[in-house]
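In this text, all values refer to a predicted model and were calculated from it rather than measured experimentally. Reminder, nothing fancy here: chain letters follow the sequence lines and each chain counts from 1.
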Amino acid sequence: MVETAASIDDVWSWLEEIPDPEIPVISLVDLGIIRGIRWHEDTLEITVTPTYSGCPATTVINFEIEAALRAKGIEHLSLVRQIAPPWTTDWLSDKGRAKLESYGIAPPQVAGGPTRCPHCHATAVEKISQFGSTPCKAQWRCTDCLEPFDYFKCI
Amino acid sequence: MSVQGLIRLGDNTLILGQRLSEWCGHGPALEEDIALANTALDLIGQTQLWLGLAAERSGNGQTADTLAYHRDAWDFRNLLLVEQPNKDFAVTMMRQFLFDTWHYEMLNALTDHIDPEISAIAQKSVKEVTYHRERSTDTVIALGDGTDESHTRMQTALDRLWPYVGEMFSADEDDLMDMAALRPKFDVHLSETLQESTLTQPESDFFHQGGKTGARHSEHLGHMLATMQVLPRSYPDAKW
């Protein structure tokens, strides 16, 4: 009944197509939360790490992984939650960072704040609040074009 | 490993998370409302990790949900500080600052814990708590060194909450670490922040206790639990 098991590379490319539920411009793979994919006998095991411990998107993400892989014919699936090492924005892909900025969200910076406004690219920016519309974002403002924008916090 | 020690940490984050969520839709400014709700969300997320591990270790069929919703006040092991009512924004932010300052040092120390699961939760949580502490510190400074009105309210809040600080550093064998050892680092951050805030640290070293042992919670906890637990207690099989 089962044909050849899907290759690990295939599974990565399928997950690459699943958008983050709150920031749909980047994929789950771009976000860096898929920590491992492996076959354990006839069960496909996906290791997922949460971004923020209370982020409600985590549950939705698990549903979406399951739905996408079932649609590809995966019958036995196991999702493993891994919290250590904790997720870090260092795991965001370069592609993901570029997509965030073109979407209007300043990508995370080690310095702790955005380097420039994602709208007009001016470097004169100021913090409004350490917290924003989702756990992973802070609110900043460009003092040049005066537009507020989201900044993806560096953790 | 002491299950009680895990429950203490999970109950702190649960009760403070629930308290902060009372502000949702009532914050003094949109940004503050969002920040309080975000902090509450992080704390409830951490609760799922701590109480989840406590339930697993107790091995009697408990889950994080049964621990949160099917215990009464006398079985809770949170600090008295976190169950204190929100009152005004000054009291809420002073409570947050005092808790965050302790929580940050405590989690940092726990990242080296010998138990890998405890260390993992601490490593995850401390990243979030770093942001909490940064914000509550900034807010205490801005309001302490603000207008006459905000200064007076922040000093009143500090005086009111001061008798709940000492319990954070009381220690017994159920704790996951030596809580008393955290005091020097706590005092450094506290005095630096208060100095910049132009607030005066109270002199008394008296403190209320009975929260983390469950011996003597304040009357506020029961009222809060009545609200928090009503749905799962009325409909025990309800699923999210």
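For a residue to count as touching a neighbouring chain, one of its non-hydrogen atoms must lie under 4.5 Å from one of that chain's; by this rule A/Thr51 touches chain B with the backbone only. Proximity to chain B is limited to the side chain of A/Ser129, based on heavy atoms less than 4.5 angstrom apart. Neither the backbone nor the side chain of B/Leu43 comes within contact range of chain A; no heavy atoms are under 4.5 Å apart. Contacts of A/Thr134 with chain B are made by backbone atoms alone, with heavy-atom separations under 4.5 Å and no side-chain atom involved.
How far CD of A/Gln82 is from NZ of B/Lys124: 11.0 Å, rounded to the nearest 0.5 Å. To the nearest 0.5 angstrom, B/Ser125 atom OG is 7.5 Å from A/Ile83 atom CD1.
The minimum heavy-atom distance linking B/Leu41 with A/Pro56 is given by the pair CD2-CD, 3.8 Å. In terms of heavy-atom proximity, A/Pro135 sits nearest to B/Asn38 at CA-OD1, 3.3 Å. Residues B/Gln123 and A/Pro86 share a closest heavy-atom pair of OE1-CD, 3.5 Å. A/Ile155 and B/Lys127 get closest at one heavy-atom pair: C-NZ, 3.3 Å. For the residue pair A/Gln139 and B/Ile34, the shortest heavy atom distance occurs at NE2-CD1, 4.2 Å.
A salt bridge between A/Lys127 and B/Glu134 is present, with a side-chain N of the basic residue lying under 4.0 Å from a carboxylate O of the acidic one.
The most heavy-atom pairs under 4.5 Å with chain A, out of B/Thr47, B/Leu36, B/Leu49, B/Ile44, come from B/Leu49.
With 3.5 Å as the limit, one finds no donor-acceptor pair spanning the side chains of B/Gln48 and A/Ser53.
The aromatic rings of B/Tyr131 and A/Phe131 sit perpendicular to each other, their planes meeting at more than 60°, with 30° as the lower class boundary.
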